[in-house]
Amino acid sequence: MTTAVSTRLRQGTLGTSAVRPDANAKVSGSFAFSSDMWADGMLWGATLRSPHPRARVVSIDVSAALAIDGVSCVITADDVPGQLTYGLIAQDQPVFARIGDEVRYVGEPVAAVAADHPETCRRALAAIRVDYEVLDPITDPEVCIAGTEDLLHPDGNIFREQRVVHGDQSITGEVVVEGTYVIGMQDQAFLGLEAALALPDHDGSGVELYIATQWLHEDRKQIAACLGLPEEKVRLVLGGVGGAFGAREDISLQVHTCLLALRTGRPVRIAYDREESFYGHVHRHPASIWMRHHADRDGRIRRVEARVVFDGGAYCSTSPAVLVNGISQIQGPYKCPSALVESWAVRTNNPPCGAMRGFGVVQACFAHESQMDKLAAAIGVDPVEIRLRNAMETGDVLVTGQIVDDVAPVERCIRETAALPMPPLSPDSDDYRDIPGGSGLTADRRHIRRGVGWGVSIKNLMYSEGFDDYSTARCRMDDGVVTVKFATAEVGQGFVMLAQQIARSVLGVDEVLLDTIDTQIGSAGSTSASRQTWMSGGAVDAACRAVRERLLDLVADRDGLDRSSLTIDDLDITDGLSYRRSVVDAARGLRIDETAEYRHPPTEDLDQNGQGNCHVAFAFVAHRAVVDVDVDLGLVKVVQVATAQDVGRVLNPLSCVGQVEGGIAQGLGLAVMEEIVVADGLVRNPSFTDYLLPTFLDAPEVVATFIEEFEPKSPLGAKGVGEPPCISVTPAIVNAIRQATGRDLPRVPVRPSDICL
Amino acid sequence: MTKSSPPSLDYRLTVNGRPHEVQDSWIGESLLYVLRERLGLPGSKGACEQGECGSCTVVVDGRAVCSCLVLAASAVDSEITTIEGLGADQALSDVQQAFIDAGGVQCGFCTPGFVVAVHHLLSNHHDPSDNEIREALSGNICRCTGYGRILEAVREVVVRRRSS
Ligand code: FES
Ligand code: FES
């Protein structure tokens, strides 16, 4: 790992592997996750869900459930006092399905109960009688694109249709490659299941919700609307979050929990089990992408054409934004003067899809990186060379017409990845754990073929298309004690640690307290889109700098010093001459309190030809995967993944490595094992027994290096590191399997039968 | 429809060396549920309740088990050790400290289960190879870290224990 360290860094400041403030509690089991929340007199809540992908609700009879001992209440759509629907972009998703309306996916909420024990809840749910008129579901997105009279929702069957027409449309290439690529539905599979505790105000006029979420203020807005309460009557506190990866952007149990608490006047906790979690949150969009690349004889891309279909499932969630992310970066991190893209995100009776780490770019990247290998083969150069010849640079243009004015070290990402050591050709031992099939002992090393594959990606950072996703932070210095407050959701990524690092660096103190993460301060925007280091980092930095300026003003006044020569040097305030006093000491008796908002420059909507400066900034990454394949049984062992990632600046080395390794494991999951299998709208594998996640034995060796070219647009010089690791690793692995097997493999996850049959 | 309330039971569990009375417990409650919801020991986590993720790992009579798969009432005569019973007098155990030092903690939801599983592994096996570590911990899912820093943490403990 190359981490340039030019000056001595004080431990705990920016650039060091500062320790997470929550680490101690997390290793001792005392950290309070939202599922650990408990209150005196608490009731349990549970949700009744539709077993049908599409049906009309004819009647709901809750009387038998209400008659069960220990059941406090049963609620349905009739009990929603405010807005009956919610949603991040379009408010099209019902809190509960109403009698006379349709349920649109398996798992859609119909009613909820509160009772004294989870088992009582289960019995109550079983006692609710719902009569459905079962209808034929639409599960093929192409039906919606072709146009049908059969509307699944009053808002229609298309969430967004978007063309991109860019450059000279008459361009054709001497070399043309094409293919259709299919991406399966991936689940975020965070480990900490959805859970919330709602505490009603004594007079029933408001509610406090402890919740694991990615964006407290957006949740509050949607919850308050459904409860029919002013936002200030709904207070949200972040409960400990056990991972997120996009699955906590949408409302799941928030409204239900608050409704039950307000109705019963008692604290209510809802905690999903794993099966319900599969039904309770949105997933990564399954997609079908046709692409045609036109290139010169030397492999330089002249034009891309694409047809992109994302299946959004029953409700809108973030589908329109996911689609735009995918198509606006469909060229990949490559120069491309001309493009024609047609795309749709559509409504079906499949499970709703929305945000997952990579947000639309994962799907696009699998297509463009599969194409790059085809192009390499057509030209007769190797996969590295074709990518180098096309590598994007600062100043190049996206198919949306947007100029990439960031640091864009694509060539360095590729070259530095290529320079990382390869794994040994074959391990010295015949340890079964190193061989595809592992402890199944199905393979012997002589039948195994090795492959090496590449993937490179571009990923936008922050929200897009005109969205003002600002962040707020407050810094107080009270008698030398520094406290930082923000509403930034800590979901595992370590923002709590970064905030302390920033404050230590700016203010010259070691001790930094963090206030509760809640809605008692302005919004921080969502913990998504690799944006919190930049946005909330920017806000914390600005608040701390404001405190520093004020501190130096006050000290200069009080101690009769020349303000212009005062600086903070390490832990001291000094005028560079005779005055030197520790910050903590100099700040005694002073109270400073500053709040700052950080905003990124505005962006634009895409026009009807898909042109517009819709993104804020971009990061880049390259992945090289080495795989061993048992071709007879179709089993794959990912031996090693090498990666060089453009991060601007490493703010916490250990944390960056953690993001890279974790992202790679998720990308590996999509490549070879993870898929929510949906047939006729029914989820076939809503459990960890049947939805396979990478285990310790599946995780490859990761060799990583970071490209540090200070990003001038970023407040700390750093780019978000969260998403890029999981994007191009998927095609890198599949390209490696293709190289090993000679198979086309147009679909992920690659299943054993795709290789051996 | 008749009223029905789950049949209940009183019993005693020995957790981290201390007796705990369990009262009015539905007989179907798992050990994980009773630890978390009745005994005030929420350190053990549930992420699948199917024995697939290892978040709920505890040691029962010297064996590491998924507490989600054990009926609490069946553990009455057993010695149960949970994450809360590791580390002495407020101090972190070497395994817990190594998870922090090596960067093995992100969201931390898997961490208690891992820490219990690693203690158990290293008490039976003083010098495991990387593959032995991977295999022994392959029943513990982590969605955040990709396992790299966790492997590093275990290696560090092995080295530190060897040199002490
Ligand atoms: S909760 Fe017990 S193994 Fe997952
Ligand atoms: S740290 Fe989040 S699941 Fe392991």
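Because only heavy atoms are used, hydrogens play no part in the values below, and waters and symmetry mates are left out as well, while side chains stay in. Lettering follows sequence order; numbering is per chain, from 1. Everything numeric here is computed off the predicted structure, so don't read it as measured data.
- Neither the backbone nor the side chain of A:D273 comes within contact range of chain B; no heavy atoms are under 4.5 Å apart.
- Checking side-chain atoms of A:R357 against main-chain N and O of A:G246 turns up no donor-acceptor pair under 3.5 Å.
- Neither side chain, A:D116 nor A:S72, offers a donor N or O lying under 3.5 Å from an acceptor on the other.
- Sequence neighbours left out, not one pair with a member in residues 74-86 of chain B passes salt bridge (Lys or Arg N to Asp or Glu O under 4.0 Å).
- The side-chain heavy atoms of A:V702 and A:Q640, taken from C-beta on, include no pair separated by under 4.5 Å.
- Between B:F99 and B:F114, the angle of the ring planes lies from 30° to 60°, which puts this pair in the tilted group.
- Both the backbone and the side chain of B:E132 come within less than 4.5 Å of a heavy atom in chain A.
- Neither the backbone nor the side chain of B:D130 comes within contact range of chain A; no heavy atom of the residue lies under 4.5 Å from a heavy atom of that chain.
- Interface remark: B:V105 contributes backbone and side-chain atoms alike to the contact with chain A (heavy atom separation under 4.5 Å).
- Geometrically, A:R248 engages A:F190 in a cation-pi contact, judged by NZ or CZ lying under 6.0 Å from the ring centre and within 45° of the ring axis.
- Judged by distance alone, with hydrogens and angles left aside, the side-chain atoms of B:H126 form no donor-acceptor pair with the main-chain N or O of B:R162 at under 3.5 Å.
- Both the backbone and the side chain of A:S35 have a heavy atom closer than 4.5 Å to some heavy atom of chain B.
- If you measure heavy-atom distances from B:E135 to chain A, the contacts under 4.5 Å come from both the backbone and the side chain.
- Using a 4.5 Å cut-off between heavy atoms, A:S28 touches chain B through backbone and side chain atoms alike.
- Using a 4.5 Å cut-off between heavy atoms, B:A136 does not touch chain A at all.
- Residues from residues 143-151 of chain B that place a non-hydrogen atom less than 4.5 Å from a non-hydrogen atom of chain A comprise B:R143, B:C144, B:T145, B:G146, B:Y147, B:G148, B:R149, B:I150, B:L151, given in numerical order.
- Both the backbone and the side chain of B:L137 have a heavy atom closer than 4.5 Å to some heavy atom of chain A.
- Proximity of A:M673 to A:L668: side-chain heavy atoms (C-beta onward) are separated by under 4.5 Å at one or more points.
- Looking only at distances, a side-chain donor or acceptor of A:S34 sits under 3.5 Å from a matching main-chain atom of A:A195.
- Contacts of B:E52 with chain A are made by side-chain atoms alone, with heavy-atom separations under 4.5 Å and no backbone atom involved.
- Proximity of B:C56 to B:K45: side-chain heavy atoms (C-beta onward) are nowhere separated by under 4.5 Å.
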